[in-house]
Amino acid sequence: MSELATIENDLTAKIDAAATEAALEEVRVAALGKKGVVSEQMKTLGKMSPEERKEMGPALNGLKTRIAEAIEAKKQALAEAALDARLASEKVDVTLPVRPEPKGKIHPVSQVMEEIIAIFSAMGFDVAEGPDIEDDFHNFTALNFPPDHPAREMHDTFFFEPKDDGARMLLRTHTSPVQIRTMMTQKPPIRIIIPGRTFRCDSDQTHTPMFHQVEGLVIDKQTHMGHLKGTLEAFAKTFFEVDDVKTRFRPHFFPFTEPSAEMDIQYERVGKEIRFGQGADWMEILGCGMVHPNVLKNCGLDPDEYQGFAWGMGVDRLAMLKYGIPDLRDFFAADARWLEHYGFDPVDQPNLATGLSR
Ligand code: DAH
């Protein structure tokens with residue numbers, strides 16, 4: 001074998017054997033570097049006779065080119081192998097769940113609040129809020145409570161110590177004061193719901209000193225009882241997720257509405273379960289009515305131009321009914337086991353498109 005062929009065989013074997021880019025670089029320097037074997041061979045061309053050079057020149061150049069190409073090809077092969085190894089080691093399984101085990105549960109009161117908001121949002125209502133600490137004007141006077149109304153008494157209302165001028169702030173006893181705040185600051189048409197905390201000095205199986213209400217208020221030029229009925233019936237059907245929920249409106253009294261009514265829904269108790277839309281019993285779920293002309297006047301609206309309707313419902317009570325929870329006080333006991341049992345999946349937000357509670 002000629003000397004060049006031996007060199008080529010030797011270098012090709014070394015290129016094949018190089019397992020890393022660093023090893024390959026060593027082979028390259030040993031072959032094509034300034035003092036590499038191929039370069040040393042090139043230097044001998046100068047001392048050759050023209051005939052020898054004519055023969056050896058192309059042979060050496062061919063060798064140099066083939067070795068350079070072999071090194072380049074090996075370099076690419078090594079880079080691809082390195083990339084493949086990296087992709088394999090950093091592989092992500094996109095089919096794995098994002099959160100295999102969601103921690104924590106949504107409280108039934110929060111869930112029902114969200115359900116109510118989802119229903120009325122779809123009907124075009126905005127959400128309004130107001131402060132928990134109120135004054136007598138917004139909580140009572142502007143809502144047409146007479147000065148001696150029993151609801152103002154210590155028995156029901158949590159009052160704060162009197163201020164210097166003798167006025168006492170209080171914890172709002174209902175969400176209705178936000179009706180006043182809205183009517184005094186916004187021009188009709190008004191279409192709002194008001195979710196929030198309310199407070200009364202009362203505690204037993206069906207009463208807690210803090211509870212939740214969602215208030216509703218619609219003020220426009222041509223609103224009437226038909227709109228009130230239609231809105232609340234549509235709500236009841238959607239909320240209880242039963243198509244033929246039967247409702248009934250009974251005359252009632254509230255100072256801030258005239259006429260006033262309470263809405264009942266039909267139900268039946270089967271064992272421990274409550275079934276809606278059947279049976280012979282009626283259950284009250286909310287108070288409602290046409291906004292009293294005095295209330296409109298107190299907010300600077302002309303009752304001859306504007307009418308409206310309003311309602312207020314107890315959220316905790318609706319949660320008990322819908323999800324069969326027997327004791328109201330458990331809602332506020334902060335017992336993690338209770339929440340684990342009755343609570344809702346945090347990634348499952350109520351909305352009408354996929355079904356409220358599923
Ligand atoms: N504020 C009443 C309560 O707490 C509930 C209520 C009844 C609100 C009738 C209303 C309404 O807006 O029209 O008992």
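Here the structure is a predicted model, which is why all the values come from computation and not from measurement. First listed ligand is number 1; within each ligand, the first listed atom is number 1. Along the sequence shown, residues are numbered consecutively beginning with 1.
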Close residues (non-hydrogen atom under 4.0 angstrom from ligand 1) work out to H174, S176, Q179, R200, Q213, E215, F254, F256, T257, G287, C288, G289, A310, W311, G312
F331/H212 aromatic ring centres below 6.0 Å: no
Counting N and O atoms only, with roles assigned by atom type, does the side chain of E52 sit under 3.5 Å from a partner on the main chain of S49, one being a donor and the other an acceptor? yes
How about F158 and F199: are their ring centroids closer than 6.0 Å? no
Determine, step by step, whether E115 and Q111 satisfy the side-chain hydrogen bond (donor to acceptor under 3.5 Å, both in side chains) criterion, reporting the C-alpha distance in whole Å, the side-chain angles of both residues, the deciding distance to 0.1 Å, and the verdict. CA-CA 6 Å; E115 291 181 15; Q111 167 80 12; 2.8 Å; yes
Shortest non-hydrogen separation from A118 to P350 and the atoms involved: CB-O, 4.0 Å
Is a salt bridge present between D165 and K163, judged by a nitrogen-to-oxygen distance below 4.0 Å? no
